[in-house]
> 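Pasting a structure here, questions to come.
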Amino acid sequence: QVQVAESGGGSVQAGGSLTLSCTSSGHRYAGYCIGWFRQLAGAERERVASIDNDGLTAYADFVKGRFTISEDKFKKTTYLKMTNLEPEDSAMYYCAAEQNPRYARGWCIADDSGYFGQGTQVTVSS
């Protein structure tokens, strides 16, 4: 059973930075995808960034140049470094993990099986 757990959220002022962590378990070291998503109350979850076991990364247009996804394979931890944060980035952030993911438009798809964590809240004040 694949499991993930997010941490690292908090409150920052606009222009500040945060690094989120996603610790995963239950998947093999080969053939996986880890994705970060965010969701506002009442809104649909949106894709933010993803990384696969070969290091292929993808980003949503609204975070390109500001967010960086990376991983420590030995710790099975994926990071989302967020810089130059804007109030519009305020949301609950989730990670998901997928074994043997499919790929679409340059993204590995991390949420087909729905293995999400509980999320971590990010609040950016102006």
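Keep in mind that this is a model prediction, so the values were computed, not measured. When reading the values below, keep in mind they use all heavy atoms of this one structure, side chains included, and skip hydrogens, waters and symmetry mates.
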> The test is side-chain contact (heavy atoms from CB on, under 4.5 Å); show your working for Ile51 and Leu56 and say whether it passes.
CA-CA 5 Å; Ile51 187 167; Leu56 174 71; over 6 Å; no
> When rounded to the nearest 0.5 angstrom, what distance separates NZ in Lys76 from SG in Cys22?
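Output value for this atom pair is 12.0 Å.
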> Taking all atoms of both residues into account, what is the closest heavy-atom pair of Ile69 and Ile34, and its distance?
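Closest approach of Ile69 to Ile34: CD1-O, 4.1 Å.
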> Return the minimal non-hydrogen interatomic distance between Cys108 and Tyr103, and the atom names on each side.
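Scanning both residues, the minimum pair turns out to be CB-CE2, 3.4 Å.
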> How long is the straight-line distance from OG1 of Thr83 back to CG of Asp89, given to the nearest 0.5 Å?
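One gets 9.5 Å once the value is rounded to the nearest 0.5 Å.
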> Within the 4.5 Å heavy-atom criterion, are Phe62 and Arg38 side-chain neighbours or not?
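Side-chain contact under 4.5 Å: yes.
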> Donor-acceptor check, side chain of Thr123 to backbone of Ser11, threshold 3.5 angstrom: yes or no?
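No, the answer is negative, given that no donor and acceptor are paired below the 3.5 Å cut-off.
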> Between Arg45 and Asp111 (salt bridge meaning N to carboxylate O under 4.0 Å), is one present in this structure?
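Salt bridge between Arg45 and Asp111, a charged N being under 4.0 Å from a carboxylate O: no.
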> Check side chain to side chain contact (heavy atoms under 4.5 Å, CB included) between Tyr115 and all other residues, then give those that pass, not counting sequence neighbours.
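Per chain and number, Tyr115 pairs via side chain to side chain contact (heavy atoms under 4.5 Å, CB included) with Gln1, Val2, Ser113.
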> Are Leu20 and Thr120 side-chain neighbours, meaning at least one heavy-atom pair lies under 4.5 Å?
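Yes, side chains in contact.
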> Look at the rings of Tyr93 and Phe67 and say which category their plane angle falls in: under 30° parallel, 30 to 60° tilted, over 60° perpendicular.
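Ring orientation, 0 to 90° scale: tilted.
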> Can you tell me how far the CD atom of Gln121 sits from the OG atom of Ser90, to the nearest 0.5 Å?
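Gln121 CD to Ser90 OG: 7.5 Å, rounded to 0.5 Å.
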> So, using ring-ring contact (aromatic ring centres under 6.0 Å, His included) as the criterion, who are the partners of Tyr79 when residues are at least two apart?
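By the ring-ring contact (aromatic ring centres under 6.0 Å, His included) rule, Tyr79 matches no residue at all.
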> Main chain of Thr78, side chain of Glu71: is a donor-acceptor contact present, judged purely on distance under 3.5 Å?
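Between the backbone of Thr78 and the side chain of Glu71 there is no qualifying donor-acceptor contact (under 3.5 Å).
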> Shortest non-hydrogen contact from Gly35 to Ala110?
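Here Gly35 and Ala110 meet closest at N-CB, 3.4 Å.
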> Does a side-chain heavy-atom distance below 4.5 Å link Asp112 with Arg102?
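In contact.
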> Determine the minimum heavy-atom distance between Asn53 and Lys73, stating which atoms define it.
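In terms of heavy atoms, the two residues are closest at O-NZ, 2.5 Å.
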> Can the positive tip of Arg47 be found less than 6.0 Å from the middle of the six-membered ring of Trp36, inside 45° of the ring normal?
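Arg47 over Trp36 ring: no.
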